[in-house]
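Order of appearance sets the numbers: ligands from 1, and atoms from 1 within every ligand. As the structure is a computational prediction, the values presented were derived from the model and not from experiment.
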Amino acid sequence: MKTERKILLAPSLLSADFAKLGDEVKKCETGGCDILHADIMDGHFVPNITFGPLVVKAIKPHSNLPIDCHLMIENPDQYIEAFAKAGSDYISVHAERLAHAHRSLSLIKECGAKAGLALNPITPIEFAFEAAEYCDFILLMSVNPGFGGQKFINSFLRRAEALREFLIKNDLEHVIIEVDGGVKIDNVEQIVRAGADIIVSGSGLFSGDFNANTKQMRINAEKGLI
Ligand code: DX5
Ligand code: ZN
C-alpha cells in the first residue's frame with residue numbers, strides 16, 4: 001500500500017522545563033508540533049532516570065497532542081499497560097530488551113496504542129526487518145539512549161535508507177520511521193531524505209526560540225521529502 005509521506009514533529013520533553021511541564025506541552029501544541037515524545041528511563045537499561053506513567057497521565061489533559069512513550073527500561077512488558085492507561089498513544093520498546101518481541105508489540109496494540117520497535121545505533125537492522133509487519137513505527141536511535149544533547153551518529157542515514165527500501169519492497173510503507181537523537185535544523189533535511197517520518201528533537205527545538213526552531217525544523221524537514 002503506497003502512503004503519502006508526512007513529517008511529524010515530536011519535541012522530546014527531556015529538554016523541556018520539568019518544573020512546568022503543563023505549560024511546556026501547551027507550548028508544543030501552539031508551536032505547531034504533532035506528537036509529544038516522552039523519554040522513559042529507569043536508570044538500568046540507560047544510566048539516566050526520568051519519569052513514569054503518573055507524569056504521562058498528568059500532562060495528558062494539557063494538550064491534544066498524542067503522546068509517544070519511548071520506553072528505555074528493563075522489563076518493558078511489565079509497564080506497557082500502565083503507560084497505555086496513562087494516555088500514551090504511541091509506545092516503543094527496545095529490541096535489546098525484548099525476549100519475545102512479537103508478544104510485546106501485540107500487547108501494545110491490544111492496549112490500544114501504536115506499536116513501535118526501537119533499535120540502538122549498532123543493533124542489527126535485520127531485527128527491524130523481521131518485526132516490521134507487526135509494527136506501526138520503527139524508532140532508529142541516532143545516539144546512544146540516555147541523554148539529550150548528544151551528537152548525531154551518521155550510520156543512521158544508511159540504516160534508515162536500508163529500512164525504507166525494505167518497507168517499500170515488502171508493501172509495508174504504512175510502517176513509519178522515527179529518528180531520535182542529535183536532530184537539528186541543519187541536518188534534518190538529509191535525515192528525512194534517508195527515510196525518517198517522525199522527527200524527535202529535544203535540544204534542537206527547546207534551546208533558544210522554540211517557535212522559530214519548530215517552524216524552521218519543519219521547513220527544512222519538508223525539503224527532504226522532495
Ligand atoms: C535520548 C532520547 C532522546 C533525546 C533526544 O535517549 O531518547 O529522545 O531526548 O534529545 P536531542 O534531540 O537533544 O538529541
Ligand atoms: Zn527518545
Side-chain angles (χ1 to χ4, degrees), residues 7-18 21 24-25 27-28 31 33-53 55-56 59 65-74 76 79 83 88-97 108 113-123 135 137-157 159-160 176-192 196-210 213-214 216-218 220-221:
I7 297 298
L8 296 168
L9 281 190
S12 165
L13 299 178
L14 194 57
S15 291
D17 183 343
F18 277 28
L21 272 183
E24 293 286 73
V25 302
K27 180 167 96 179
C28 295
C33 297
D34 303 292
I35 298 175
L36 299 169
H37 184 81
D39 286 302
I40 312 300
M41 306 185 185
D42 66 351
H44 295 280
F45 176 57
V46 289
N48 207 355
I49 301 178
T50 55
F51 53 84
V55 173
V56 173
I59 60 170
L65 296 180
I67 302 179
D68 168 29
C69 283
H70 175 194
L71 303 190
M72 288 163 275
I73 58 177
E74 300 287 349
Y79 299 97
F83 278 101
S88 312
D89 300 277
Y90 296 67
I91 297 178
S92 62
V93 285
H94 265 265
E96 302 80 13
R97 279 300 171 274
I108 297 173
K114 289 189 189 297
L117 178 77
L119 263 64
N120 279 340
I122 297 185
T123 299
C135 294
F137 66 104
I138 294 169
L139 189 171
L140 296 183
M141 291 303 303
S142 40
V143 297
N144 293 303
F147 302 96
Q150 302 181 79
K151 194 177 172 307
F152 180 80
I153 299 173
N154 273 310
S155 63
F156 167 87
L157 299 171
R159 287 163 63 78
I176 57 178
I177 302 176
E178 178 170 25
V179 59
D180 188 6
V183 181
K184 308 281 185 203
I185 282 167
D186 59 8
N187 62 5
V188 72
E189 182 181 340
Q190 56 170 338
I191 288 169
V192 171
D197 306 284
I198 305 179
I199 312 298
V200 176
S201 180
S203 47
L205 293 178
F206 282 97
S207 307
D209 183 336
F210 182 86
N213 291 340
T214 301
Q216 197 59 50
M217 186 72 85
R218 189 179 295 283
N220 291 5

Task: Nitrogen or oxygen of D39 less than 3.5 angstrom from that of ligand 1 - done: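 Yes; at least one N/O pair falls below 3.5 Å.
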TODO: Check if F152 has a non-hydrogen atom at a distance under 4.0 Å from any atom of ligand 1.
DONE: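 Contact check F152 vs ligand 1: negative.
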Open item on the list: Any atom of ligand 1 sitting under 4.0 Å from a heavy atom of G149?
Closed with: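 Contact check G149 vs ligand 1: positive.
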- [ ] Answer side chain, backbone, both or neither: which part of P145 comes under 4.0 Å from ligand 1, heavy atoms only.
- [x]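 Answer for P145: both.
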TODO: Determine whether the side chain, the backbone, both or neither of V200 has a heavy atom under 4.0 Å from any heavy atom of ligand 1.
DONE: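 Side chain only; the backbone of V200 stays clear of ligand 1.
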Nearest protein heavy atom with distance in Å, relative to [atom]:
| atom | result |
| --- | --- |
| atom 12 (O) of ligand 1 | G202 N, 2.8 Å |
| atom 5 (C) of ligand 1 | D180 OD1, 3.6 Å |
| atom 1 (C) of ligand 1 | F147 O, 3.5 Å |
| atom 14 (O) of ligand 1 | G182 N, 2.8 Å |
| atom 6 (O) of ligand 1 | G146 N, 2.7 Å |

Task: Polar side-chain atom of N220 near backbone of E189 as donor-acceptor pair, under 3.5 Å - done: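 No, the answer is negative, given that no donor and acceptor are paired below the 3.5 Å cut-off.
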Using only N, O or S atoms, tell me which atom of [X] is closest to the Zn ion (ligand 2).
| X | answer |
| --- | --- |
| D39 | OD1 |
| D180 | OD2 |
| H70 | ND1 |

TODO: State the CD1-OH distance between I67 and Y90, to the nearest 0.5 angstrom.
DONE: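 I67 CD1 to Y90 OH: 12.0 Å, rounded to 0.5 Å.
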Task: Atom pair CG/OG of L119 and S92 - distance to nearest 0.5 Å - done: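 OG of S92 is found 10.5 Å from CG of L119.
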Numbered atoms of ligand 1 (with element) below 4.0 Å of [X], judged on heavy atoms:
| X | value |
| --- | --- |
| S203 | 11 (P), 12 (O), 13 (O) |
| S12 | 4 (C), 8 (O), 9 (O) |
| H70 | 7 (O) |
| G148 | 10 (O), 13 (O) |

